[in-house]
Amino acid sequence: MAQDAKFEAKGRKFDVVGSRPIRPDGIDKVTGRARFGADMTMPGQLYGKVLRSPHPHAMIKSIDVSAAEALPGVKAVITSKDLPDLSGGDQGMKDNLINTLARDRVLYDGHAVAAVAAISNSIALKALKLIKVTYEALPHVTDVDEAMKDGAPLVNGGAITSGMEPAPTKKSNIIARHQFGHGDIAKGFAEADIVVERSFTTEATHQGYIEPHACVASINADGFGDIWVSTQGHYNVRTTCSALLGLDSAKLRVTASEIGGGFGGKTVTNIEPLALALSRKSNRPVKMVMSREEVFRGTGPTASSSIWTKIGAKKDGRITAAHSIIKFQGGPFGGSLVDMGAMAAFACYDLPNVKTEGYDVLCNRPRLAAYRAPSAPMVTFATESVVQEICDRLGLDSASMRIMNAAKEGTKSSYGPTYGPIGIRATLEAAKNHPHYSAPIAPGKHRGRGMACGFWFNFGGNTSVSMGLNGDGTVALSYGNPDIGGTRASLSMMAAEELGIPYEKVRCVIADTATLGHNDITDGSRVTFAAGLATIEAARDAIKKMCARAAKTWGIAEDAVVWEKGHAKPAGSNAGKFEPLSLKQIVAASGNTGGPIAGHYEVFADGAGVSFGTHIADVEVDVETGKVTVLRYTVFQDAGKAIHPAYVEGQYQGGAAQGIGWALNEEYIYGKDGRLQNAGFLDYRIPVCSDLPMIEAVILEIPNPGHPYGVRGVGETPIVPPLGAMANAIAAATGVRMGSIPMSPPRLLKAIEEKA
Amino acid sequence: MSNIHVTTTVNGDVMEFLCEPDESLMDALRDRLSLTGVKEGCGSGDCGACSVTVDGRLVCSCLVLAAEAEGCKITTVEGLAKGDKLHPLQQKFLEHAALQCGICTPGFLVASKALLDRNPNPTEHEIRYWLAGNLCRCTGYDKIVRAVVDAAAELRRTA
């Protein structure tokens, strides 16, 4: 893979990196002082609430807001008329506008139709009940296979499929087709001694962050405005809201609150444009906080899928060909990220002949948002199930067969690029050599062990970092990505490492959109990689300036000064001639040597190294109820370089837990009426503490050439293998191979009974 | 209907507020008394983010009416530390990296304290079942359980 050779830390002994200091935002978060989205108030604020569609697909014939407007305490009511279409041909922005507030039709149960701002929450809720909407129901479809059939109701008018040769002449719900691969799969399957093909389905899941969406917005008549918001990307909130409301970006300052989880679900706007529109209409600040039901009905979720996978292999286990057809339910606008699924499906393996086809399909479900390694868990479930079935039928060792086929440096990946140094083989070998793999399963009935691999691309992207140096030897580090799981700590550590000062001397803040240059969304496991790279380079920029000041002080050439352990030292022929100057000394005297000293760096960070992991799961199945208990679970993953190992482990454990939840319980359940039936944490069951065992996290470090310290993103890959690992463990425990996720008690019990 | 006057003791201080008859204790603590360490994750008693103790009993404050707090003693996450000295649970949550986003942390701390007040030496099994009413989406619970085990040991040492 084309990567800048930035890695330069081979054999370097780190002072700070690799240790486990307490996070700088820690005390605020254990004392209740940390301010999340709903914890902010603005003077004179109103409370905003949203009216949502009860229909999955309907025309809006009329909306009468007069009674709501007349209710005492109501200060503004908005409908789509208050958000004129300013998208100017930008289809993505148009979809965003339609999703923000329905226009002539509603596209899913939960679609926003109108919004109210009032002096209290209770008055706002009363006002919603007074809004009269007349709907004319349209036929709907919520299942991806149904939506692809001839004669299916066309969602949002349907589309001419892109990516088809020749282009279809008729509109359908298939909005796009994607294809990847290389070699000749027909030839590869002809060479195989065994060919296994299976069909799979997975249900939609929600990111399930515990903090509902929340914001407070204020906008003045002159267009100057502020939003405080829980988001993964406040620059994106600024861009989107400015475009939807016709505001100057510079006038709209967006401040990211602490964020109570996102996992991809807070990469898009939902209530933020509504809060601004209500504020503009009422001339008051407006606070909006979603209910949990609204979060389920109106935000997220991930795609549901229908996947067919076929793999052929020689008797020794060598894969000769792989083919997958992947259909993703893409909500009312498409954008299911099925292309990423088609790219990721076989990325773990070195395949001579491979083909994947992806279909992005419109359905009457909420607009999709990314969910942690979006698309990879579903396609990997299919791949790892078939790989395991081949292992089992050939009587091969699960780890050895995967090692035989694992991609390595120089492998042409199934999605195109040729890999640089990667960790799939290392994670498999670590798994094979780990006591978990060799230990017998603890005795008990219907117990089994499964393993699976997983891959994620990792992102880099647009990143700005600024670093102010203070006369007392401390450093103020500003970056532009909400801290979703400890990045203040990891960036402070990299700054301290590079500057040669203690970790405690760095104060790390998340700048608002008016204070620092653009930063892409906190997604793609990008922040510790990209903002980390920028932090190191900003520190080097500051060091260069400090060395120049020292040179000026000493009256020697700038290139005759080196930076070591937090001090400028004379080098070469001047070595030892002057006492070293500390960061504190140089900055304290900076008024006499040219003024304040700051470091900064702006970059489009490429070279985010790809990431691989392998998971092993032991389960017990209660064959009388279908309930699955996870007995033991181990994660092996390449981190490139673990900056703060405790938070790397936390990503592995948390991702595995989300994957286990997806595998065993979580699903969006739609009735025939097209309405979501389980919009709450009682019926949409995420794993609780008593559902899980300890999750062992094994960190491997195969340096990423694209980062000075070798860092790879770690956040997303851990959710990829669990679906396959759990399916393989359940198959080993029961002899039942599940083709549908979730493997919830009723579904698994039915499968067990059908087999018996 | 007019608002109700409530006098209650919160984190050791006598406090008064007016609330609507159908207002939850969670909303009153957050909006009337500015105790925003009490978090709302669901409003239906499923996530435990709003956990507080009322007269020593662990409750989801979203399921308690504010008016019911009359004359009660309430403890929230804001009441756990003694001045600048963190409660051992708070300290161990930090040392074990038992939080990622931190939104569930106040509820976990309050619930864990309620457990250790009753059972100073809980098994991992007992901890997992006691905390089953508190949802965390980030950590997979591993480091939370370890932090509670470690805090319990610390409290036993200093008791």
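As a basis for the values below, the full set of heavy atoms in this structure was taken, side chains included, without hydrogen atoms, waters or symmetry mates. If you're wondering where the values come from, they're calculated on a predicted model, not measured in any experiment. Chain letters run A, B, ... following the sequence lines, proteins first, then strands; residues in each count from 1.
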Can you find a heavy atom in the side chain of [X] that is under 4.5 Å from one in the side chain of [Y]?
{"X": "A/L692", "Y": "B/D142", "value": "no"}
{"X": "B/Q91", "Y": "A/I22", "value": "yes"}
{"X": "A/C689", "Y": "B/V145", "value": "yes"}
{"X": "B/K39", "Y": "A/D39", "value": "yes"}
{"X": "B/Q90", "Y": "A/I27", "value": "no"}

What part of [X] gets closer than 4.5 Å to chain A, counting heavy atoms only: side chain, backbone, both or neither?
{"X": "B/F93", "result": "side chain"}
{"X": "B/S44", "result": "neither"}
{"X": "B/E20", "result": "side chain"}

(Q) Is it true that, when you exclude B/Y129 itself, more than 12 heavy atoms of the residues, nucleotides or ligands shown sit nearer than 6.0 Å to its OH? (A)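 No, because the 6.0 Å sphere around OH of B/Y129 holds 12 heavy atoms or fewer from other groups.
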Mind ranking [options] by heavy-atom pairs under 4.5 Å with chain A and telling me who comes out on top?
{"options": "B/L131, B/D22, B/L35, B/D46", "value": "B/D46"}
{"options": "B/L109, B/L99, B/L80, B/T105", "value": "B/L99"}
{"options": "B/A81, B/C101, B/C47", "value": "B/C101"}
{"options": "B/V77, B/D27, B/L94", "value": "B/L94"}
{"options": "B/I144, B/T36, B/L89", "value": "B/T36"}

Q: Kindly give the heavy-atom pair with the smallest separation between A/P687 and B/Y141, and that separation in Å.
A: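 Scanning both residues, the minimum pair turns out to be O-OH, 2.7 Å.
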Q: For B/C138 and A/F263, work out which heavy atoms get closest and say how close.
A: SG-CZ, 3.7 Å
Can you tell which part of [X] gets under 4.5 Å to a heavy atom of chain B, answering side chain, backbone, both or neither?
{"X": "A/I695", "value": "both"}
{"X": "A/E258", "value": "neither"}
{"X": "A/Y652", "value": "neither"}
{"X": "A/S291", "value": "neither"}
{"X": "A/S122", "value": "side chain"}
{"X": "A/Q207", "value": "backbone"}
{"X": "A/P693", "value": "backbone"}
{"X": "A/I484", "value": "backbone"}

Most heavy-atom pairs under 4.5 angstrom with chain B, which of [options]?
{"options": "A/R23, A/R35, A/E211", "answer": "A/R23"}
{"options": "A/G26, A/G261, A/G650, A/A214", "answer": "A/G650"}
{"options": "A/M290, A/M694, A/K29", "answer": "A/M694"}
{"options": "A/G262, A/P21, A/G485", "answer": "A/G485"}
{"options": "A/G680, A/G486, A/G208", "answer": "A/G208"}

Q) In Å, rounded to the nearest 0.5 Å, how long is the span from NE2 of B/H96 to CZ of A/R20? A) 10.5 Å
Q.
Rounded at 0.5 Å granularity, tell me how far NZ in B/K143 sits from OH in A/Y647.
A. 9.0 Å
Q) If only atom types and distance count, is the side chain of A/R292 paired as donor or acceptor with the main-chain N or O of B/G41 below 3.5 Å? A) yes
Q) Are any of the side-chain nitrogens in A/E666 or B/R137 under 4.0 Å away from the carboxylate oxygens of its partner? A) yes
**Q.** chain B contact residues among residues 653-662 of chain A, heavy-atom distance under 4.5 Å
**A.**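 The stretch touches chain B at A/Q653, A/G654, A/A657, A/Q658.
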